[in-house]
2 protein chains.
Amino acid sequence: MIGIDNALNIINENIKKLTLEKKDILSCLNKTLAEDIYSKDDLPPFDKSAMDGYAIKSEDTRNCGAENAAEFDVKGSIKAGDYCEDELKPGEAFKIMTGAPLPKGADAVIEIEKVEVKGNILKVSQAVNKDNNVIKLGEETKAGELVLNRGRIIRPVEVGLLASLGYGFVHVYKSPTIALIITGDELVGIDSKFERGKIRNSNEYSLKALIKNLGAKALSMGVVKDDKDNLREKIKYALKNADIVVSSGGASVGDYDFVDDILKEIRADIKFTSVAIKPGKPVTFATYKEKLFFSLPGNPLSLITTFEELVKPAIEKMMGRQIKNKEIFPVILAEDFKAKAGRKKYVFVKIKKDNNKYYAYKTGSQCSNHLKTMSKSNGIIIIPEECGNVKAGKILSGKFIFK
Amino acid sequence: MIGIDNALNIINENIKKLTLEKKDILSCLNKTLAEDIYSKDDLPPFDKSAMDGYAIKSEDTRNCGAENAAEFDVKGSIKAGDYCEDELKPGEAFKIMTGAPLPKGADAVIEIEKVEVKGNILKVSQAVNKDNNVIKLGEETKAGELVLNRGRIIRPVEVGLLASLGYGFVHVYKSPTIALIITGDELVGIDSKFERGKIRNSNEYSLKALIKNLGAKALSMGVVKDDKDNLREKIKYALKNADIVVSSGGASVGDYDFVDDILKEIRADIKFTSVAIKPGKPVTFATYKEKLFFSLPGNPLSLITTFEELVKPAIEKMMGRQIKNKEIFPVILAEDFKAKAGRKKYVFVKIKKDNNKYYAYKTGSQCSNHLKTMSKSNGIIIIPEECGNVKAGKILSGKFIFK
């Protein structure tokens, strides 16, 4: 049995090859950029007005004041999207809209609110500085400038930024495909009537939803009969057609043995078979060529916990992200919690913030089958290995789940 | 000009009808449940073993101890998924796997690690309590119990929980369709060569990405010529075919006039035309029958800010969520920041956590065109209306963006 940090290090070391793909920028949303992005142009590509106003030569206003107005001939009007061919001469002005390019010869814009206009005559009663209300050519971005680094996660603003730079397609790290093998002869489809001794197959749905939320692809092999030959074929198929294989064991020890036996037979490299977290102790991690194999427990809470703690970081790393632990913060127990010493224990709780402190409340039985408990929870607290029962008021480490 | 809280209240009041749809549970991920979910069964549907061990009658071990072992005939083995027809008699035991149903007559399970077995004879040297290692019928959930309330957001665990309850389809609030009308004669497609006076249309991409991240649907009308008749037709079409219409103004004042003029002509109910935030001041919000109309500024930063602050809450409310402000927390300025008094100002910053405190760092020009600045930012700080320049060390309110 190894600790979770150790397990994560081993997983991290065994992800060797990241695959790239070129996609249209909207499909790249929430993926990780796999190339450096340079600007192809100076942006804006021309001196432009930041305001609605009048484009003038600033030197024409050098001696202006309340008592000493300068007058200009308004030669015309420039809208955003227009381009003015005329060159501005001393004593001339153009009406100009926000975003419109300055006419040649102009070097400043005075806001519409600060002038007087009578017919074609503009009156300016203050000195205007050079570049006033002008966004200069290349002020936002210079041609050749590195704008986005490889490794950046593409949020909506980066989609917009890439569009503004004229990139319709970029390279991102490809989302892995995760094959799902659900074992357990006790499982029936969710639309089936119960037969005696059976329960519904919820794990396939939880896993598909977890994978969907990561932006990765699930390849589900459905519920696979606990028959070694059948299971071996399914595992081989999964290893061939996916980047990661996740099996969810039936609840019995025998099932895990099948999976581990098959992994040995096909000469997969088994890295560990047990991790010191509760819920979730029996977890096998193996590699086969460059593929990863996770055998997770069949109990719903253990399954979701081990997926979140071990498989999700592997998927994220394959998608070009850093493996890092979720933010852990101090949580005050609002109630007493029971635990056995000897294994690090995750307890699902409702974390509430009050007066800038976090408090943990019970959400129900921590028995591995209680999805209802997990559903009431928004976080976990971590009871250390050496602790037994813990009292209200004690401060432990906690984190949010599904964030 | 109205304040942002007031604007949000007005938007909130004007969302009247939420639409429901029935979808398969995986498609419901991250949507809001629109019905109460009751359990159809007692779960588990039978007394089941929580451990690999031996099912026995607890009373057979009443006087057991290290010196006084009880012996049992092992009658067979029950795997998860099996159902045992035989009734256990005193002095008998069944080997039982985790998740398997207890045979009739058994009321406890003793773990495999705590017994001795020789051939068919099981030796137990300790008293075993009734219900030891037994998950009782209905212990997880009772038939008829309310398990999930209307209004719950469906996370992966809720998908699993619904599956475990036998719900393949549930009612959720339907995601709205948001029509996009991008105006601005200065805009060219992102694959086009620049002509003089033009810039690329990035707003359509930012908006589509923002909408995609909310799980809503975009209906883009593309770049619409600044021609009143054309714009009127597009606005009418959008109001007919979408739940919310978002127009992104060209940068000039004239463009906003067109939109507001048309809204008046078609007798839309204009609720406000300006909100006291920077970037983003000119925002028109109107209703037309039960549809919402937002006219947002064309500058990329203003557009994204006003979408996040005003349109996103409206979309979320339509999806059955509560309109609430993002979590605001105290942020210490790591540098001096400049601002003009008179308008609440959002400054895009990099917020870093150090020693449990948050610090704000500059990310570049706050000019409304600088998507690059926003791309370097992970949060904003709010400089109050009455403040001018603010010094390093001052504590302001901040929040994360895109979270």
* Please report the C-alpha distance between A/R155 and B/S375 in whole Å, then the side-chain angles of each, then the deciding distance to 0.1 Å, and finally whether the side chain to side chain donor-acceptor pair (under 3.5 Å) criterion is met. => CA-CA 8 Å; A/R155 304 172 300 172; B/S375 171; 4.7 Å; no
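A 4.5 Å side-chain heavy-atom check between A/K353 and B/E327 finds at least one atom pair inside the cut-off. A 4.5 Å side-chain heavy-atom check between A/S206 and B/V159 finds every atom pair outside the cut-off. Residues A/Y205 and B/L29 have side chains not in contact (no heavy-atom distance under 4.5 Å, counting atoms from C-beta outward). Between A/V157 and B/F348 the shortest side-chain heavy-atom distance does not fall below 4.5 Å.
When heavy atoms are compared at a cutoff of 4.5 Å, B/L187 does not approach chain A at all. Using a 4.5 Å cut-off between heavy atoms, B/F329 makes no contact with chain A at all.
Summarising the geometry of A/I25 relative to B/I190, their closest heavy-atom pair is CD1-CD1, 4.1 Å, with the distance given to 0.1 Å. Considering every non-hydrogen atom in both B/S202 and A/G160, the closest pair reads CB-O, 3.2 Å.
The choice from A/T141, A/D41, A/N201, A/V188 that makes the most heavy-atom pairs within less than 4.5 Å of chain B is A/D41. Between chain B and the options A/P44, A/G168, A/P45, the largest number of non-hydrogen pairs under 4.5 Å is found for A/P45. No other option in A/L165, A/I154, A/L43 has as many heavy-atom pairs under 4.5 Å with chain B as A/L165.
Each of B/E158, B/E145, B/E140 was scored for a salt bridge (Lys or Arg N to Asp or Glu O under 4.0 Å) with A/K372, with one residue passing: B/E145.
Residue-level contacts of residues 209-216 of chain A with chain B, in order of numbering, are A/A209, A/L210, A/K212, A/N213; threshold 4.5 Å between heavy atoms.
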